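What you see is a predicted model, and the numbers here were worked out from it, not measured in a lab. Chain letters run A, B, ... following the sequence lines, proteins first and then strands; every chain starts at 1.
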Amino acid sequence: MSFLTIGGAPGAPSTRRSFVVRSGALLSGAAVALLAGRDALAARAASPAEGDVRVLNAALAAEFEAVAAYGLGVASGLLQPPVRALAQTFQGHHREHADLLAKTVARLGGAPAAAKAEYAFPTESLATQADVLRFAAKLEQGAVSAYLGAVPLFADRDLAKAAASILGDEAMHWAVLRQALGEVPVPSAFVA
Amino acid sequence: MLAAALACAPLHGAGGDASAGEAIYARCAACHALAYDRSGPRHCGLIGRRAGSVPGFAYSEAMRRSGIVWDAPALDRFLADPMRTLPGTSMAYAGIADAGERADLIAFLAIATASAACRGSAGR
């Protein structure tokens, strides 16, 4: 949770609230970017907060899907107990990410994306524990890339830091899933 | 099946390498699949399709009204910086900055989105 306190006054309470509460900084950030002739961020959305909401909602939609995907794995009957427990733990992390993202969207004045009633998963290709692990690993790899692609889009640097924190968590999921599959857990020095 | 198709496929796009592009496509896997809609639309049938035209997918206004038809140059421009190229798009992703990586990715998309894995799911 320490990432929630960045930029806060020393001794400020380390609450989720402090993560988004300093929205006054949004405008000044964009203004500085404009003054410096860097109009890239400003061009991306009607307002910096609106752009950030869009990025947060894209991440939120993917987190909801991850929660559902792990739910499918847990309910599949294909996972041995320790792997099943792992899947439940990872599902819990994704649920926490979704909670935080939804609250942040709401706090910025946006409408949080909702979970779908139903997801299309390639269930016909999930016949063994390894299939489920490979499916989850692919989702986590994609999530890492998606957050990497989101970090530079945020007008609010606190949000970029929060996204990087989630990225780190999902990269750990990915590595553990690769390890469980007998693959090299960390395939390279950089993620992309 | 897809791997076999890729192995003997000619190079497409701006000289891109489709098998290298398959690895780059993993970056899209948080939001896209070839054959079914996720938080992003399915990609089967992409090449030659009008932007924002998969039935039942909730596109942004910006995408639906873009007038884009997806070919290699249009994909190259969009994927370089989606939110800059198409302000208002809901594809919140920084894009693929490297032109060589984009060429590989587009070469992969050209083959994969018309592959056997897509039969019956092109969403047209």
Side-chain angles (χ1 to χ4, degrees), chain A residues 39-46 50-66 68-69 94 113-116 118-125 135-154 160 163 166-167 170 174 187-188 191-192, chain B residues 1-3 20-44 54-63 78-98 100-102 104-105 116-118 120-121 123:
Chain A
D39 61 348
L41 286 175
R44 284 181 167 130
E50 196 250 296
D52 285 356
V53 161
R54 228 183 310 143
V55 180
L56 291 165
N57 263 337
L60 178 57
E63 292 288 356
F64 279 138
E65 187 181 336
H94 286 287
K116 289 197 210 172
E118 227 178 301
Y119 289 91
F121 292 123
T123 43
E124 68 288 349
S125 65
F135 174 59
K138 205 169 161 246
L139 284 187
E140 296 285 7
Q141 180 185 6
V144 167
S145 296
Y147 279 104
L148 192 64
V151 164
L153 299 176
F154 284 110
I166 297 177
L167 186 162
E170 299 189 356
W174 183 35
S188 61
V191 295
Chain B
M1 189 133 52
L2 194 54
E22 183 170 24
I24 294 167
Y25 191 63
R27 299 180 201 169
C28 322
C31 306
H32 289 284
L34 285 173
Y36 55 98
D37 293 344
R38 297 181 49 205
S39 62
R42 77 194 82 164
H43 281 148
C44 280
V54 168
F57 184 84
Y59 288 98
S60 66
E61 190 81 358
M63 183 65 79
F78 177 65
L79 294 174
D81 190 346
M83 297 183 86
R84 192 88 200 277
T85 311
L86 195 64
T89 182
S90 51
M91 179 162 143
Y93 184 67
I96 309 277
D98 185 285
E101 287 189 343
R102 285 200 305 281
D104 292 347
L105 176 60
C118 280
S121 59

Of all the heavy-atom pairs spanning [X] and [Y], show the shortest one and how long it is.
X	Y	answer
A/Pro122	B/Tyr36	CD-OH, 3.1 Å
A/Arg54	B/Thr89	NH1-O, 2.9 Å
B/Ala92	A/Val55	CB-CA, 3.5 Å
A/Pro152	B/Ala94	CG-CB, 3.9 Å
A/Ala143	B/Ala30	N-CB, 3.5 Å

- Query: How would you list, by chain and number, every residue that makes a side chain to side chain contact (heavy atoms under 4.5 Å, CB included) with A/Ala115, sequence neighbours excluded?
  - Reply: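 Partners of A/Ala115 by the side chain to side chain contact (heavy atoms under 4.5 Å, CB included) criterion, ordered by chain and then number, come out as A/Phe64, A/Tyr119.
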
- salt bridge (charged side-chain N to carboxylate O under 4.0 Å, His left out) partners of residues 29-40 of chain B, not counting sequence neighbours, each pair once: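 Found A/Glu65-B/Arg38, B/Asp37-B/Arg42.
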
- Which one, A/Ala120, A/Ala113, A/Ala146, leads in non-hydrogen pairs under 4.5 Å with chain B?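 Top option by heavy-atom pairs under 4.5 Å: A/Ala120.
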
